[in-house]
Visitor: 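Got a structure for you, written out below as structure tokens; questions coming shortly.
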Amino acid sequence: MDHKIRTYWPLPLRILLGIAFLFHGLPKLGGGHAAFVAMLQQIGVPAAGFFSWVAALVEVLGGLALIAGAFIPVATGLLILEMLVAMFKVHLPHGFNFVNVTAMTPQGPQFGLPGAEVNLLYIAALLALLIGGPGPLSIDERVMTKERLHKLPWAKPRTAHN
């Protein structure tokens, strides 16, 4: 495989993770906010009203940052912390498996909350971005590095006069 192509591995990871965090975070800011606060209160999260906003903003702003490839060390750190809290407070009591069959009914399986597996997968993907960096076509790579490592194939090389 061409070396240039291999450097693009973070791009699909950033975009798909960003979309996933937006998918989970946006309802917490909108119509589902009251239910999210109630769930946090029920599981014993202190200051549930405050932390509901924190979690929602971390997911939405973190998701946008991942998609743009901006502030990746900060975004991944905050999202990993949130995933750890979600894993220990919500998902771990339900075991490991993502698919958690709690009963068999005449209509088919009945599912409970997912276990910690999905949190660990999110954490692994976020760690890969934290360690490997945002890659090309990211704001971090474009702004934060003096010499851009990745350039669009059609971009003209920079000279001292540009």
Side-chain angles (χ1 to χ4, degrees), residues 1-2 5-141 150:
M1 182 183 292
D2 183 10
I5 297 296
R6 280 189 275 158
T7 62
Y8 285 84
W9 68 265
L11 189 60
L13 194 57
R14 281 191 358 241
I15 292 171
L16 292 174
L17 280 172
I19 290 169
F21 279 110
L22 283 173
F23 182 82
H24 290 284
L26 286 171
K28 293 172 183 154
L29 289 178
H33 185 75
F36 182 54
V37 173
M39 191 264 311
L40 292 179
Q41 289 170 334
Q42 188 175 16
I43 63 171
V45 171
F50 173 74
F51 283 113
S52 66
W53 289 111
V54 171
L57 289 172
V58 165
E59 288 181 5
V60 170
L61 296 176
L64 292 171
L66 290 175
I67 291 168
F71 309 106
I72 292 299
V74 173
T76 56
L78 290 172
L79 290 165
I80 288 169
L81 181 61
E82 193 211 15
M83 285 292 99
L84 287 169
V85 171
M87 182 174 71
F88 286 110
K89 291 297 283 179
V90 179
H91 298 283
L92 197 57
H94 302 282
F96 176 78
N97 290 334
F98 178 70
V99 176
N100 188 6
V101 178
T102 58
M104 286 301 292
T105 68
Q107 293 79 25
Q110 182 178 4
F111 298 99
L113 281 174
E117 180 179 11
V118 74
N119 300 104
L120 293 171
L121 291 171
Y122 273 106
I123 290 168
L126 291 164
L127 283 171
L129 288 174
L130 180 63
I131 295 166
L137 304 179
S138 67
I139 291 174
D140 283 356
E141 194 267 334
H150 308 286

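When a residue number appears, it is its place in the shown sequence, counting from 1. We use all heavy atoms of the structure for the numbers below, so side chains are in, but hydrogens, waters and symmetry mates are not.
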Visitor: Which residues pass the ring pair (Phe, Tyr, Trp, His ring centres under 6.0 Å) test with His33, sequence neighbours left out?
Guide: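 Applying ring pair (Phe, Tyr, Trp, His ring centres under 6.0 Å) to His33 gives Trp53.
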Visitor: Hey, are the side chains of His94 and Thr102 touching, using non-hydrogen atoms and a 4.5 Å cut-off?
Guide: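 Not in contact.
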Visitor: Side chains of Glu82 and Leu78, heavy atoms from C-beta outward: is any pair under 4.5 Å?
Guide: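 They are not in side-chain contact.
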Visitor: Passes side-chain contact (heavy atoms from CB on, under 4.5 Å), Val85 versus Val90? Steps please.
Guide: CA-CA 8 Å; Val85 171; Val90 179; over 6 Å; no
Visitor: Are any non-hydrogen side-chain atoms of Val60 and Leu26 less than 4.5 angstrom apart?
Guide: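 The answer is yes; the side chains approach within 4.5 Å.
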Visitor: For the residue pair Ile67 and Ile19, what are the closest heavy atoms and their distance?
Guide: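 Taking every non-hydrogen atom into account, CD1-N, 4.0 Å.
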Visitor: For Ala48 and Gln41, work out which heavy atoms get closest and say how close.
Guide: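 Shortest heavy-atom contact: CB-CG, 3.4 Å.
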Visitor: Can you run down the salt bridge (Lys or Arg N to Asp or Glu O under 4.0 Å) pairs that involve residues 40-61, sequence neighbours left out, and say none if there aren't any?
Guide: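 Residue pairs passing salt bridge (Lys or Arg N to Asp or Glu O under 4.0 Å), neighbours aside: Lys28-Glu59.
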Visitor: So if I apply the side chain to side chain contact (heavy atoms under 4.5 Å, CB included) rule between Leu66 and each of Leu13, Leu126, Leu16, which one comes out positive?
Guide: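 Of the listed residues Leu13, Leu126, Leu16, the side chain to side chain contact (heavy atoms under 4.5 Å, CB included) partner of Leu66 is Leu126.
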Visitor: Taking the side chain as every heavy atom from C-beta outward, state whether Leu17 and Leu129 have any atom pair closer than 4.5 Å.
Guide: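 Yes, their side chains come closer than 4.5 Å.
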Visitor: When the ring planes of Tyr122 and His24 are compared, do they come out parallel, tilted or perpendicular, using 30° and 60° as the limits?
Guide: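 The arrangement is perpendicular - the two ring planes meet at more than 60°.
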Visitor: Minimum heavy-atom separation for Pro73 and Asp140, please, with both atom names.
Guide: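 Scanning both residues, the minimum pair turns out to be CD-OD2, 3.9 Å.
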